Amino acid sequence: MSQESAPRSDQAGLLPALHRLQDQLGYIPDHAIADLARTYNVSRAEVEGVIGFYHDFRRTPPGRRRLQMCRAESCQAMGADALAAHASGKLGVGFGATTADGAITLEAAYCLGNCACSPALMLDGRLYGRIDAERLDELLAEGGAA
Amino acid sequence: MTVRIFIPRDSSAVSVGAEAVAAAVAAEAARRGTPVDIVRNGSRGLYWLEPLVEVEVAGQRIAYGPVAPQDVPALFDAGWLRGGAHALRHGPCEDIPYLKRQARLTFARMGRTDPLSLDDYRAHGGLGGLARALAMPPGDIVGAVEASGLRGRGGAGFPTGIKWRTVLNAGSGRKYIVCNADEGDSGTFSDRMLMEGDPYCLIEGMLIAGLAVGADTGYIYLRSEYPDAWDVLGDAIINAMREGVLGDSVLGSGRRFVLNLVKGAGAYVCGEETSLLESIEGKRGLVRAKPPLPALQGLFGQPTVVNNVITLASVPWILAHGGAAYQAYGVGRSRGSLPFQLAGNLKRPGLVEVPFGATLRELLYDYGGGSASGRPIRAVQVGGPLGAYLPASRFDLPLDYEAFAAVGATVGHGGIVAFDDSVDMAKMARYAMEFCAIESCGKCTPCRIGSVRGVELLDGMLAGRTKPGNDDALLRDLCQTMLEGSLCAMGGMTPYPVLSALDHYPEDFGLAPKQEEASA
Ligand SMILES: Cc1cc2nc3c(=O)[nH]c(=O)nc-3n(C[C@H](O)[C@H](O)[C@H](O)COP(=O)(O)O)c2cc1C
Ligand code: SF4
Ligand code: FES
């Protein structure tokens, strides 16, 4: 279980609210902006500005699964570039994009704190390490994404 | 007696199968009708052996690893519950040279305890520093930290005692303790390990900081990439409240301290302390100009201590053992120990806490075992994505803030990433600029525009390097502008990896090889 600071109504409550919304819906829909602005007493432009600043928040629905591949140095030293090319080729999408059938969204991550088990990735919020192309294919097959 | 078996819950260990191993051990024990007590500990940091399973035999913990679920029946057959011989057996865990030779001060409990058991925490020396601090006047607590020589472990190496003294002296109004748990630097994972494996140590450090400066509220700003640390910290905070460690009367002292957990949202720059404060306040993470210092006008405009996880987690040891005992470790103005993180292309990656003064060579070869690929190590990046690349000729450099600064490098958060000779340093330089372009907060031009120009220049050099005529003058010029004109170290240090790559590996950029290296 997890603990969050009690919901607050000033602007400091905005980031937790965005996280809650995205956890529930997978993205921040347009119609939520005005509500958020009212609740946290900021302008709609400010809400948009905050959403736009942080890489985590999306404005469009994601794929059913989320694959975050580490592109940072330690993983690069252990073959992350080739692994990324493999994933991108296999799924037929670039980083930041969702497959046409909506099955999976491919994202870049910059260090998952798993550098002692590089290369690393996160699939649907679960961390995996020492990944090669074969293991990646297995993981995707297990969840029925490829 | 039921045998105790330790299997890490650390997310990195789980990422290579610790969860499946725990399930396999439980199932096999049940099948054999042999009761076992499985404890989910933190990781020892010997990651090349993860999943590392320890079986407690006659008070000693015998290590087996790396264990795969399919090894489990054979391990039972080999009598591992009595410490039986097996190809995966490494003997008593604490006698493994990699661990035995370390100086584990901050990481003293790591892997030895159940992270969420406060009883375990107390039994292994936890809360001793806090008990002492509760009996001391604030100025003396700060004095102990000053005497220890502790410097910030988040990257900048600023003396912690001086920061605390500033906040202590900043009047008697509302003050905050903010823990920087953004750990954005690639090649680093010590914050994550500590939060997942010994969370009460961080909580105790924050409590002591609160007593020292007169703050009764703390915030931990944790990156969203660490969901397991989020859960462990959340549970630890609840347990600490329930047992009166946190709350209205800390250990019955009548002093109050409460802790809030705040989740980041995937912005590297929010590890910069003022950007982090903006983010806690619910805003875009734009870096603030200094002054005012956060120590005087920080969170919600109030005096604020901002410290890294490892800085704060080092404080309980210092209070329990005294500033002088900590100060006795280390060299020059780098006192105490640093939990270094060995990563990248190494045979034995992991967490190595040693006193300052050890050389890179010791860490890379004695601990790290050389490259994982078996090829020569060609470059090492120390201190995260803003850290310089060091060639083999620099491997005897002692790990010491000043010695590194003297050669244009940084120890930073202690991440050490090794690359073998297949690395393309021009590509790494391009990556450094690209990372800066992606993560820049956008407040100042040298960083926001300079990084984009840097990518373009490097693309040109990468395309032209097979033909003669590549020239690095423009790129060096740009780096100089970023070094001198950036508001924070994002733009101000991105030139470190770029210039060090140019200086030490010019041939990768289509430039004439360096003289001394050509003759070496
Ligand atoms: C771009 C940038 C990113 C940073 N990221 C982190 C980080 O992830 N964790 C951290 O502790 N410090 C980080 N810092 C350093 C902080 O600004 C600050 O120096 C530190 O939190 C102070 O705590 P300390 O004195 O205990 O190190 C970063 C600095 C910059 C410029
Ligand atoms: S150097 Fe970059 S990250 Fe730092 S304030 Fe300027 S634009 Fe923002
Ligand atoms: S660099 Fe990939 S997990 Fe850290």
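Below, chain A is the first sequence line, B the second, and so on; all start at residue 1. Keep in mind that this is a model prediction, so the values were computed, not measured.
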Note to self: Regarding B:Y268 and B:D185, do their side chains bring together a donor and an acceptor under 3.5 Å, going by distance alone?
What the structure shows: yes
Check: At a heavy-atom separation under 4.5 Å, does B:P227 approach chain A through its side chain, its backbone, both, or neither?
Finding: side chain
Notebook entry, point to check: Among A:A116, A:A72, A:S118, which residue forms the greatest number of heavy-atom pairs with chain B at distances under 4.5 Å?
Noted result: A:A116
Check: Considering all heavy atoms of both residues, which atom of B:E183 and which atom of B:S190 are nearest to each other, and what is their separation?
Finding: OE2-N, 3.3 Å
Notebook entry, point to check: Between A:H19 and A:D56, do the side chains contain an N or O donor and an N or O acceptor separated by less than 3.5 Å?
Noted result: no
Item checked: Contact leader toward chain B among A:E46, A:Q76, A:Q68, where contacts are heavy-atom pairs under 4.5 Å -> A:Q76
Checklist line | Heavy-atom contact with chain A under 4.5 Å, split by part of B:M193 | finding: neither
Check: Tell me, side chain or backbone of B:I438 under 4.5 Å from chain A's heavy atoms, or both, or neither?
Finding: both
Next item on the list: Select, from A:H55, A:E73, A:R71, the one with the greatest count of heavy-atom pairs under 4.5 Å involving chain B.
Entry: A:E73
Notebook entry, point to check: In terms of heavy-atom proximity below 4.5 Å to chain A, should B:S279 be classed as side chain, backbone, both, or neither?
Noted result: both
Next item on the list: Using non-hydrogen atoms and a 4.5 Å limit, figure out which bit of B:E281 sits close to chain A: side chain, backbone, both or neither.
Entry: backbone
Margin query: Tell me whether the rings of A:F57 and A:Y54 are parallel (<30°), tilted (30 to 60°) or perpendicular (>60°).
Written below: perpendicular
Margin query: Can you give me the closest heavy-atom contact between A:C111 and A:C115, atom names plus distance?
Written below: SG-SG, 3.5 Å
Check: Would you say the side-chain atoms of B:D10 and B:Y47 include a donor-acceptor pair closer than 3.5 Å?
Finding: yes
Item checked: Heavy-atom proximity to chain A below 4.5 Å, by part of B:A229 -> neither
Checklist line | Part of B:V258 within contact of chain A (heavy atom distance under 4.5 Å) | finding: neither
Note to self: I'd like to know which of A:V50, A:N114, A:L15 tops the heavy-atom pair count under 4.5 Å against chain B.
What the structure shows: A:N114
Next item on the list: Please look at B:C441 and chain A and tell me whether the side chain, the backbone, both or neither of the residue comes under 4.5 angstrom of a heavy atom of that chain.
Entry: both
Next item on the list: Heavy atoms only, distances under 4.5 angstrom: which of B:S15, B:G45, B:G415 has the most pairs with chain A? Name it, please.
Entry: B:S15
Check: Can you say whether B:R223 sits under 4.5 Å from chain A via the side chain, the backbone, both, or neither, judging by heavy atoms?
Finding: side chain
Note to self: Out of B:G264, B:A418, B:S422, return the one with the most heavy atom pairs under 4.5 angstrom to chain A.
What the structure shows: B:G264
Checklist line | Heavy-atom side-chain proximity of B:E50 to B:P8 below 4.5 angstrom | finding: yes
Checklist line | Sidechain N-carboxylate O distance under 4.0 Å for B:D228, B:R192 | finding: no
Next item on the list: Please determine if A:D35 and A:R38 form a salt bridge, counting it only when a charged side-chain N lies under 4.0 Å from a carboxylate O.
Entry: yes
Item checked: Residue B:S11 versus chain A: region with a heavy atom under 4.5 Å -> both
Margin query: Around atom CZ of A:R59, are there more than 12 heavy atoms from other residues, nucleotides or ligands closer than 6.0 Å?
Written below: yes
